[in-house]
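Read the structure below first, then the notes.
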Amino acid sequence: MSPSSGILSAPPPSAEASSGRPAPASYAAVTGGKLHIRLTTTGAFAIALVLSGGIVAVNSGNNLLYLVVAGLLSALALSGLLGHHNLRRVGLRLLAPEEVWAGRPVSIRAELFNRGRRLPAFLLALGEKPGAPAGTVLEIPPGVHAELSLTLTFPTRGVQPWPVHAVTSEFPFGLIRRGGLVRSPGLCLVYPSPLAVPWEVAEAAEREGEMPSRRGPGTGGDYRGQRDYAPGDNLSRVQWSSWLRLRRLQTKEFESEGSPPSVYRFDALPGPGTEERLGQLAWLVRTGLRRGRAVGLVLPGLAIPPGTGATHRRILLAALARFGEPG
Amino acid sequence: MNTQALSLAFAYALCALAATAAALAPLPRTSWMLLAAAGTAGALWDIRKFTRVPKALLTAVGLAGFFFSLLPLHRETLAEQSLTALTLLLAIKIFGMKTRRDHLQILAVALLLTAGAASLQPDVVFGALLATALVLGIFMLLWLPFSELTARIDVGLVRRLAFVGMGLVAASAPITVLLFILLPRSVSPFWAGLGGRPRQGVSGISDHLQLGEIGNVALSGEVAFRAEIEDGVPPPRTPYWRGAVLEVTDGRRWEISGRNRPATILGSTGGKRITYFVEPHGNRQLFLLETPSGATVGTRTQTIGASRVLQLSRPLARRIRYAGTSFPADRFTERLLPEDRSLNLKLPATLPDSIRSLAGEIAGGQHDPAVVAARLLAHFSRGYTYSLRVPDSSGDPLEAFLLGHRTGYCEYFAAALAVMLRSQGIPARLVSGYLGGDYVPAGAYYLVTQASAHAWVEAYLGGDWVRFDPTPASGELGSTYAARLRRRPLLWMDTIRMRWNSWVVQYDVESQLALARAGAAHVREVRRDVRGALKVVFVAIGAAALLLGAITLVRRRAVDPLTRRLSRYDRLAARCGAAREMHEGPLDHAERFARLARGAAPAVRSFGALAASCRYGSRPADAAALAEFDALLAVIRDQTHGG
């Protein structure tokens, strides 16, 4: 289990995803699921106006009124078709940030993609439920995606599907709000909510040195930054992503080796329950790594040797997030 | 672009339209003046950003004015009162705050006001105003949801929205026409005539005739009616349009008798089928060409009376259409009952003896009614002058005309001849109606104006009612309006008005039934001639295919083969979520596309490299390169579609 970020691709992670490359772009179609169609207040007023006009036209035999009613009816009918077409090619996907913690609000990037080839999509609103948009996009040209920011709170840890979101549009006339309740593809890995632990308890939970540290000669501590490549640098420290992006060789630098490694044991924490212990471990991992220590974990059935760095941090937190999952 | 400014522009444009409609409609002048003033003040307030008048105060004033305009309610003026109240509401709205809701209310009230004004006077100009209001309304409705989301907006987006609006208008036009045709009509609507009050002085033809009346009416250039001839061939002579037959007289005034017995001899059926479009005139008389044999008003076939005229049961308050069949002839056969004979021989009690003597003198002792009638008619061609200005006289007007100034117009000539015929024992009566009119070849119809109002005489000779027209130069009547129209070549405008009236204003249940019948007949025709119909369908499909092929060919030729392939590739990429950005070169884009394209990644990278070398490198886009592009495109398409 080595999630490269807070997102897991769905359906089951592909070879690309597991090899650390970005997950394939997949969007949930707005009109693919449960449809939401509601009349707005303006729409109700417009329909009342057309109906009243129709009644007066029939009872007066006035053809000018018939003309107005026919014009309004045709505009209403076409607005329905146009509104449907506006949403037909729109897809949604949510992209989580690096870390998502249970019980804490997190800012999520939402992408609305217009898969149409000719027509833009207009007036798209995204929110947790219809009628309460968290953000609105005025226009998305064909083949282009627009980004919105959402704030979500996951109550529990673990690998979770994205919550359902409403993508709606009142285009063209604002008379009908139509859209779909969409679940973004992919899964979100939610870390346990960190719970602070007194240091004496933390020390009691440590088993220093009992497990071999991953620290090797020259690997150093936490990531400090990068500099231009100099001949003789270890190739394993070359920042290849910079080469791909900037066509420039750079070498990663790490902190010098710091405090002795710490290994925190699930059983040694006060708890009282499993979730509390996981939360306390998450806090210890986060704090320990932040202070430059190599941190390891001993969970029932799983032992992770001490290590440092961002990847190691994600491995530890993912293990805590997925603790107790079957398989 | 400032969104609020555009919303305001829509609101003021709608207000201006509504004010124009109010100005053109028969509404109090204050209505449009109030709208214009409120619009100007509102614009000033919006531009200068003056302190707003409290909304509660405006609402209170608006409501007070609304009820003041409406109360007390009068059935006759209900439409005018309602529209005046609406102008007040619109004035308050255009002057006050303009949130999205206010804009929507302005749109609704302006539309109602324009439609209401158009109902009062359903002229083609109002049709144009109404269409403009509807189009503006569509654009405004399209715009308002955007305007409330942002203060400034990209001009490009506004342009794209304008295109969407134009598409909507273009698409809704045929649907509007279809709905207009299909929406159900009532046979006898409850509020028929609502807002269609007759205009004063439109018609001079009524159930009575006072000497001097037609002369006044003939000075008017108003349109009385239009008559569309089905076969498009006008009658060979100047047509006479019958309105009312006047049999009872006291010497100065002629009236209809009130006897309304059916015709005893109608002659053969058939004749020229004519559709009449009559302006509202507030009288009960309808008009028919010369010798009518039948008429249909609405869905009802009317009984043609012995007088060969058509009369409604109530005054005409709105434009109507009816059909009639007539024979262009100056006589028709009808049995004369004894009571009819005595009625048509009765002379006014105050008839001066001088007139009797003159008639006897002209008859010269002849006993043959036809000869006597001919002599009396010929008398008016000697020394009598046609003029709408009749000298004043204190005594009997007919005596003054016949023996005094000898100047008059159709009523004088007709009344004098009728009285003289009666005095010689020949049953005679007056017929009022119209003479001639302007034949409009473009629309195959007669345009008959009030200037053509006329009166003539019918005498009963040998079992026939025969027309006698003693008015000299009567063929020139009614030319004033036509001459005016020809000077300002506006006859085509009248053709548009005619079509507007016949196709829109007077479209009714009968028209719907006629359309349905025509459709059914067409279907029957197709069933009878299936091969012919199939031939038409195949030809149409073939023509459409050819046209489509030609358009495709032209579009393909306009683009060079390399660009065409690159566009296809870009479309595939966009479909996979890797639409090419403006700044992306082929290699960078291919790399991004490849990451998303999974199985097609190698082909995508190869395509990118090939595109870069053909577009920017030294490799020519020759047949081999194009074939390579096609092969790669096929792989990418298969892989991405499969995925």
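Throughout, a chain's letter reflects where its sequence line sits, starting with A, and its residues are numbered from 1.
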How close do [X] and [Y] get, counting heavy atoms only, and between which atoms?
{"X": "Val58(A)", "Y": "Pro184(B)", "result": "CG2-O, 4.0 Å"}
{"X": "Ile138(B)", "Y": "Phe173(A)", "result": "O-CE2, 3.6 Å"}
{"X": "Pro145(B)", "Y": "Pro172(A)", "result": "CG-O, 4.0 Å"}
{"X": "Arg100(B)", "Y": "Gly174(A)", "result": "NH2-CA, 3.7 Å"}
{"X": "Asn63(A)", "Y": "Arg185(B)", "result": "OD1-NH2, 3.0 Å"}

When you measure from the side chain of Tyr66(A) to the backbone N and O of Leu179(B), does any donor-acceptor pair fall under 3.5 Å? no
Among [options], which residue forms the greatest number of heavy-atom pairs with chain A at distances under 4.5 Å?
{"options": "Ser172(B), Pro174(B), Ala579(B)", "result": "Ser172(B)"}
{"options": "Thr150(B), Leu157(B), Asp508(B)", "result": "Leu157(B)"}
{"options": "Leu107(B), Leu112(B), Val504(B)", "result": "Val504(B)"}
{"options": "Asp570(B), Leu134(B), Ile153(B)", "result": "Leu134(B)"}

Measuring only between side-chain heavy atoms, which start at C-beta, is Leu82(A) closer than 4.5 Å to Val164(B)? yes
Are Leu123(A) and Leu149(B) packed together at the side-chain level, in the sense that at least one heavy-atom pair is separated by less than 4.5 angstrom? yes
Under 4.5 Å from a heavy atom of chain A, the part of [X] involved:
{"X": "Glu591(B)", "result": "neither"}
{"X": "Leu178(B)", "result": "neither"}
{"X": "Trp503(B)", "result": "neither"}

Determine the option with the most heavy-atom pairs under 4.5 angstrom with chain B, choosing from [options].
{"options": "Gly54(A), Gly53(A), Ser74(A)", "answer": "Ser74(A)"}
{"options": "Gly143(A), Ala70(A), Gly91(A)", "answer": "Ala70(A)"}
{"options": "Leu73(A), Leu65(A), Leu138(A), Val68(A)", "answer": "Leu138(A)"}

Could you tell me the separation between the OG1 atom of Thr42(A) and the NE2 atom of His103(B), rounded to the nearest 0.5 Å? 13.5 Å
How long is the gap from CG on Leu67(A) to CG on Leu183(B), to the nearest 0.5 Å? 10.5 Å
Around Arg499(B), counting heavy atoms of other residues, nucleotides and ligands shown, do more than 12 lie under 6.0 Å from its CZ? yes
Quick check on Gln512(B): does its CD atom have over 12 non-hydrogen neighbours (other residues, nucleotides or ligands) under 6.0 Å away? yes
Given that the side chain runs from C-beta out, which part of Pro120(A) has a heavy atom under 4.5 Å from chain B: side chain, backbone, both or neither? side chain
Stepwise side-chain contact (heavy atoms from CB on, under 4.5 Å) check, Val69(A) with Phe180(B): CA-CA 8 Å; Val69(A) 170; Phe180(B) 178 79; over 6 Å; no
Evaluate side-chain contact (heavy atoms from CB on, under 4.5 Å) for Phe171(A) paired with Leu142(B), printing each intermediate quantity in order. CA-CA 8 Å; Phe171(A) 184 77; Leu142(B) 197 61; 4.1 Å; yes
